[in-house]
Amino acid sequence: MFNFVTKHKRLLQAVLALLIVPPFAFFGIQWTQRDVTGTGEIASVGGQKITEQEFTDALRRQQERMRGMLGRNFDPALYDSPGMRAELLEGMISQRLIERFAARSHLTVGDDQLRELIATSPVFQESGRFSPQRYEAMLRSEGYSPQTFETLQRRDMVTQQVVGAISESGLVSLTAARQFAQQRAQQREVAEHQIRSEALTQGNIRADAIKGFYESNPARFQVPEEISVEYLVLGVDALLASEQVTEKEGRESYSANLSKYGEPDQRRASHILIAVKSGAGDTDKAKARERAAGILAQARKSPGDFAELAKKNSDDTGSAAQGGDLGFFSRGMMVRAFEEAAFRLKQNEIGDLVESDFGFHIIRLAGIKAGKMKSFDQVRPEIELELKRQKAARRFAESAEQFSNLVYEQADSLAPAAERFKLNVQRASGFTRQSASVAALNNPKLLTALFADDAIKNRRNTEAIETAPNTLVSARVAAHKPASVRPLEEVKGEIARQLAQQEALALARKRGAERLQELRKGPASAGGFGAAKLVSRDNAQGLGPEALAQIFRADVSKLPAYVGADTVSGYAIYRVSRVIDVKLDETRERGMQSELGRSGGAQELRAFLGGLRADASVDINNAALEKKN
C-alpha cells in the first residue's frame, strides 16, 4: 500500500485524464464516431474496427493541441514516437471497451442532463450566458450538426459516468489513512558521510584494457551518417510579405467586424414569457396571447411590480427567479424579434407583446450601455495583418499543388520553385536519420525522404512534405558523410578516463560498505559526518530515492543506526540519530484518505478494463500501428 502511488503513477495520470477533461475541451475527441471508408484497420475491439484514418486523425489532433500549448518548442517527433502511438491506441481501445459496456448495460443520459451540460459549457457562452448562435457556429466549424454533436456528447457523458463510478469506488478507512499519513510525515535526523570516487582515482590504465573496451563497444564510438541540405519552405508566413491590402478592404473588414474592436451597444432587459409549445394550434396560441395581454396590462399599470409578475407568471424558469432579468446583451445574442423590440425601447419602457418561436414576451428595458469602439486608424495595422494572412492562406491553398508539381518535375534543383514563388533557398547541416538541426524540419517523413537512396545518390528534391498545418517543405541533399567509427587513437584518452572512473567508483563502494560494517559493530570513531538534518518521505532534503528508502528501513529500536547507499559519485553512509513523529491535523488525514481512495479506484478501473478487454477480443495490427504517415 505504501508504495502504490509511486508504482502506479502512469496509471493514475491516465485515469485523471479521463476524469478531468471536460467533454468539449477539444472538438473531435470522439474519434470513434466519424464515418470512415476505404481505410485499413489498426485495431479491432469486439469486432468493431478502429481504422488507420481514425487513428491518424486522433494523432493529428493530439499533435495540434500540443503545438498550440508549446508553440515553437513543439517537436512533432516526440509526439509520433512508438510509445506515444501505442499509448494513444490504448486510450482509444479503452474508450471503445467502456462504450460497449455502457451499451450492453443500457446506460443513458437524460435530455435535461445534456441540455444543462451544453448550456453551462464556457465554450458556448457569451457574456456569461449560453449563445445559440455561438453554439451552432462552433459546431459548423468542426463539421458537426447539432444532432450529431449531441449524440456524441451523450456517449461521452455515459463513458465518464462509468469511469467515475469505478474510480471513486476505492474506500480507505480514516484509521489506515492516518497511519499512512503519519508514516509519510515522520521525520528522521540524519547525518551523511560521503566516500567519493574522485578521491580514489587509480594509476594508469593498461593499453590492452583500453583496446579491449574499444573492441567490445563499437557502437559507442560510431559517428552517425550525416547530411547537409538545401530546402524551401512554402507556408502562409513565407507568402505574407508579398501580400497587399487596400484601405477600402481594411474599412470593409472593420465595418463587418465591429464587435471585435470594442464593446457594441448593449441593452439590459427583463421579460415575462408566456410559452407556446412547438406545433401548437391557433386556439392554444390565442389563449396564450390573451393571457400575455392581461399580464402586460398589469405591468403597465404597476411598472414597479414587474419583477413580482415575472416570478409568478413567466415560463422562462431560468430568469423568472431573478424577476425576469436577462442581464446585458448585444445584437446577435437574442432571437431577432426579441432583439429588435428591446433595442427600440427607451429606458424603463415596457413594450408591446413580442412573438417568437418560444411564445409571447413582455419586455421591460432596464438599462442602456453605449458602445466604446476603437477607430479604424487605431486598429488598421491589426486588420491589415489579418487580411494579409487570409490572402496568404488562400494563395497557399492555390499554390500548394503547383509547388508540389514543380519540385517533383524539376527534381535536380530547388531554384525554379524558389523563383516561381519568390522564396529563399535555405541551407543547413548536421542532419542525421534521427533528427534535424533545424527544428522546423525535424519531421520523421522528411528525414526518411532525405535519407532515401535516390535523395543521397542522385541529389534529387524530396517531394513536398507537410511538416505543419499550411506548411510544405521540399529539400535536397547538398553533401553526405557516411557513418564511421572513431579511430582508437582518437578515443583512447576518454576510454582510459572512463575505465579509471569505473575502478575508482567500485573501490569507493567497497570501502564504504566496509566502513558501514565497522560502524554497525561499534563502538568506533564516527568522524567524517556532516551536519545533521531532518528528512521525511515528503521532504527528502536533496537525498536520492535509494538513500531515503534505506534511511526509513533502518532499525531505530537502538540509536544511532547506520545505513548505506550507492551514489553516482561513490558511496554514502547515513547516521540516523533521532525519530520525530509529527502530529497531523484532521484536514491532512482526510486529504490522505481521499488520495488513497483514488489510488484504490485506479486499481479497480485497471482491473475493470482488463476484464472488459478479456471479454471483447482485442486485436492490434502492429504493422499498421508502427507505420508513419
Side-chain angles (χ1 to χ4, degrees), residues 27 64-65 67-72 74 122-129 131-144 232-268 328-336 339-340 342-344 368-404 406 417-424 426 440 464 466-473:
F27 289 130
E64 288 173 357
R65 291 196 292 270
R67 190 190 307 277
M69 293 168 61
L70 299 177
R72 293 187 177 183
F74 173 74
V123 296
F124 300 137
Q125 293 187 352
E126 288 184 357
S127 303
R129 291 179 179 274
S131 168
Q133 294 83 1
R134 182 177 177 85
Y135 175 63
E136 292 179 4
M138 293 191 72
L139 295 194
R140 280 197 304 272
S141 70
E142 294 292 331
Y144 289 102
L232 286 179
V233 179
L234 179 73
V236 172
D237 289 342
L239 300 173
L240 198 63
S242 60
E243 297 296 343
Q244 300 295 323
V245 174
T246 66
E247 181 176 346
K248 180 182 178 183
E249 289 173 323
R251 288 191 179 277
E252 287 176 350
S253 177
Y254 175 77
S255 299
N257 297 279
L258 287 174
S259 61
K260 292 174 60 177
Y261 308 115
E263 295 182 3
D265 287 347
Q266 292 183 314
R267 297 293 186 269
R268 181 173 186 173
F328 278 101
F329 54 88
S330 56
R331 291 188 181 276
M333 295 177 64
M334 298 293 182
V335 294
R336 184 178 294 277
E339 176 186 292
E340 290 177 350
F343 273 83
R344 284 197 301 267
I368 298 175
K369 186 185 292 185
K372 298 177 182 178
M373 304 299 296
K374 293 180 181 178
S375 68
F376 170 70
D377 289 335
Q378 286 176 303
V379 296
R380 183 171 182 174
E382 175 186 340
I383 292 174
E384 290 183 346
L385 178 60
E386 177 59 27
L387 291 177
K388 284 182 179 181
R389 285 196 177 279
Q390 292 174 11
K391 288 186 174 184
R394 287 194 294 271
R395 189 149 69 93
F396 173 83
E398 296 165 358
S399 303
E401 184 175 357
Q402 299 174 32
F403 178 82
S404 299
L406 194 53
E419 183 178 352
R420 168 68 179 80
F421 296 100
K422 297 181 173 56
L423 303 172
N424 293 322
Q426 302 178 69
E466 186 177 20
T467 59
N470 294 331
T471 304
L472 290 177
V473 173

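Positions are given from 1, in the same order as the sequence printed here.
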### Query
Which class fits the ring pair Y261 and Y254: parallel under 30°, tilted 30 to 60°, perpendicular over 60°?
parallel

### Query
Do F124 and S131 have side-chain heavy atoms sitting under 4.5 Å apart?
no

#### Entry: Nearest heavy-atom neighbours spanning A342 and F329
CB-CZ, 3.9 Å

#### Entry: Short side-chain donor-acceptor distance under 3.5 Å, R134 and Q125
no

### Query
Do L423 and L234 have side chains that get closer than 4.5 Å, going by heavy atoms?
yes

### Task
Using a 4.5 Å cut-off on heavy atoms from C-beta on, say whether the side chain of R267 contacts that of I368.
yes

### Query
Which one of Q244, E243, E386, E249 satisfies the side-chain hydrogen bond (donor to acceptor under 3.5 Å, both in side chains) criterion with K391?
E249

#### Entry: Side-chain heavy-atom pair V473, L232 within 4.5 angstrom cut-off
no

### Message
Any heavy-atom pair between the side chains of R420 and F403 that's under 4.5 Å?
### Response
no

### Working for side-chain contact (heavy atoms from CB on, under 4.5 Å), residues I383 and F376
CA-CA 9 Å; I383 292 174; F376 170 70; 4.1 Å; yes

### Task
Begin from the C-alpha positions of F396 and T471 and carry the test side-chain contact (heavy atoms from CB on, under 4.5 Å) through to its verdict.
CA-CA 9 Å; F396 173 83; T471 304; 5.8 Å; no

### Message
If I compare all heavy atoms of E384 with all of V245, which pair ends up nearest, and what's the gap?
### Response
O-CG2, 3.8 Å

### Query
Is the closest side-chain heavy-atom distance between L387 and Q390 below 4.5 Å?
yes

### Task
Inspect the surroundings of CD in E340 and state if more than 12 heavy atoms from other residues, nucleotides or ligands are less than 6.0 Å away.
yes

### Query
Under the 3.5 angstrom rule, does the side chain of S399 hit a backbone N or O of R395 as a donor-acceptor pair?
yes

#### Entry: Heavy-atom pair of closest approach, residues Q378 and K374
OE1-CA, 3.2 Å

### Query
If you round to the nearest 0.5 Å, how far is NZ of K372 from CD of Q266?
10.5 Å

### Query
Under 4.5 Å between any side-chain heavy atoms of D265 and S330, yes or no?
no

### Task
Give a yes or no on whether D377 atom CG has more than 12 heavy-atom contacts from other residues, nucleotides or ligands under 6.0 Å away.
yes

### Query
Are any of the side-chain heavy atoms of R380 and R251 separated by less than 4.5 Å?
no

### Task
Please name the pair of heavy atoms, one in S404 and one in L472, separated by the smallest distance, quoted to 0.1 Å.
OG-CD1, 4.0 Å

